[in-house]
Structures are given as C-alpha cells and as structure tokens.
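The structure appears below as structure tokens.
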Amino acid sequence: MDAYARRAEVPDALWNRLISSARTEIVLAGYTNYFFWTQQPGFEETLASKLADGVRVRILLGDPDGDVTRHRENIQNGPMSLSSRIHMTLAAVQRLDTFGNLEVRFSERNAEAHALCSVFQFDREALVCESIGNEMGHNWLTLHLKKLEDGGPFQRYMEHLEFLWDGARVWEPSEA
C-alpha cells in the first residue's frame, strides 16, 4: 500500500497505468469525477476503447441537485461548484458509446458517505481518497491499494464501494 498526502500528488504515470491496464472493470466513484476529463490526456478515448473491449465501467456521482451536494458546496466554497463539475462529467459520459456495459448512478441513500470518500477501482487495484476537513478532492489523502488477500484493506474498500453503489439510483441521460 502506498499513501499520498493529496490526490494531486498521485503520479500521472500511475493513473495512466491503472486506467490502461484494466481488463475487466473500472469503477469511478468520485463525487464529481470531473478531473479525469481535465487532467488525464485522452481519457475519454481510452474509456471508450475500454468499453469497446468489453470492460465494465461503473460511474458513481453525487446528485447535482441533492442536499448533500449543496451542503458540500457550502463547506468547500470552491471556484467551480460541485454541481457544475457533475454536469460537465455527465455531458462527457453522454458522448461515450456505451456498448451496453456503462452504468452511471447518483448517490442517494449513502450520499454523505460518498461525499467524504472516493474510490477508484481498476480490476485488482484501487485509489481511495479520504476527505480531510473542508478540502476539495485534489487535496484529499489518497491510498493506493492492491488486492493481496481476502479481508484485507482492498476488500474492505470494495465492500464500501458496493455499499455506495447499492444505495444509489440509476441515472437517466435525460437528467443531464
């Protein structure tokens, strides 16, 4: 396990390797996931290629109209609202050819837990970002986990990821 004081300190080479090497599943469970499209060159094309190759892609977002989103916007007071970043991500997702294996959901029952912990899974590896105070996501503590054993840290966070996913509602493209 590696740890980074901030998500922004995760090397681009690691993000690129995780995304490009995923063969079965990619889960992007950040509250906005906006940074993938703005900070990872060619991300949309890579994701479209993964979908075409049959990789299951799940994207979990905060509800742009939800109470938790409004509350976090007040806490973070960032230059661009969370809801704006979520809508930008949704616009990018709509450009993808889904090939039937892209699923998008909004946090609902477990939105507060989602707003404080982002999980990005790439097959048997994950980057997990934990909220630190009123900081924005790029400043969150980030752990790089690998599945080494049953019941280990990777599996515990995958259980948390499923908790978030199961408490979410399906996004309909007409909501963008």
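Keep in mind that what you see is a predicted model, and the values were worked out from it rather than measured. Residue numbers run from 1 in the order of the sequence given.
Linking Ile, Leu, Val, Met, Phe, Trp and Tyr whenever their side-chain heavy atoms come within less than 4.5 Å leaves Leu28 and Leu60 in two separate clusters. By the criterion of side-chain heavy atoms lying less than 4.5 angstrom apart, applied directly or through intervening Ile, Leu, Val, Met, Phe, Trp or Tyr residues, Ile19 is grouped together with Leu96 in one hydrophobic cluster. Under the 4.5 Å side-chain heavy-atom criterion for Ile, Leu, Val, Met, Phe, Trp and Tyr, Tyr157 and Phe120 are members of distinct hydrophobic clusters. Under a hydrophobic-cluster definition in which Ile, Leu, Val, Met, Phe, Trp and Tyr are linked whenever side-chain heavy atoms come within less than 4.5 Å, directly or via other members, Ile26 and Leu161 are assigned to different clusters. Linking ILVMFWY residues whenever their side-chain heavy atoms come closer than 4.5 Å, directly or via other members, leaves Leu143 and Phe35 in distinct clusters.
The distance from the CG atom of Leu18 to the CD atom of Gln121 is 11.0 Å, given to the nearest 0.5 Å. Atoms CE and OH, on Met88 and Tyr34 in that order, are 4.5 Å from each other to the nearest 0.5 Å. The structure places CG of Leu90 at 5.5 Å from CG of Leu61, a figure rounded to the nearest 0.5 Å. The CD atom of Glu125 sits 13.0 Å away from the NZ atom of Lys147 when rounded to the nearest 0.5 Å. Going from atom CG of Leu47 over to atom CZ of Phe36 covers 9.0 Å, rounded to the nearest 0.5 Å. Taking CZ of Arg72 as the reference point, atom OG of Ser131 lies at 4.5 Å (rounded to 0.5 Å).
Minimum interatomic distance between Glu25 and Asp123 (heavy atoms only, all atoms of both residues): N-OD1, 2.8 Å. Of all heavy-atom pairs between His160 and Ala113, the closest is CE1-CB, 4.1 Å. Across every non-hydrogen atom of Leu51 and Asn101, the tightest pair is O-ND2, 3.3 Å.
Residues Lys50 and Asp53 are not paired through a salt bridge, judged by the lack of any N-O separation under 4.0 Å between the basic side chain and the carboxylate. By the 4.0 Å N-to-carboxylate-O rule, Arg95 lies close enough to Glu44 to be salt-bridged with it.
Residues Tyr31 and His114 place their aromatic rings such that the two centres sit under 6.0 Å apart.
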Would you list the atom pairs, donor with acceptor, under 3.5 Å between side chains in residues 7-16 and any protein atom, with sequence neighbours excluded?
from  : atom 1 : to    : atom 2 : distance (Å)
Asn16 : ND2    : Asp12 : O      : 3.2

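For Trp37, the ring pair (Phe, Tyr, Trp, His ring centres under 6.0 Å) partners at least two apart in sequence or on another chain are Phe43.
With a 6.0 Å radius and a threshold of 12 heavy atoms from other residues, nucleotides or ligands, Arg17 has its CZ atom above the threshold.
Arg58 forms a cation-pi arrangement with Trp165, by the criterion of a distance under 6.0 Å to the ring centre and an angle within 45° of the ring axis.
Side-chain N/O atoms of Asp63 and Ser107 include no donor and acceptor closer than 3.5 Å.
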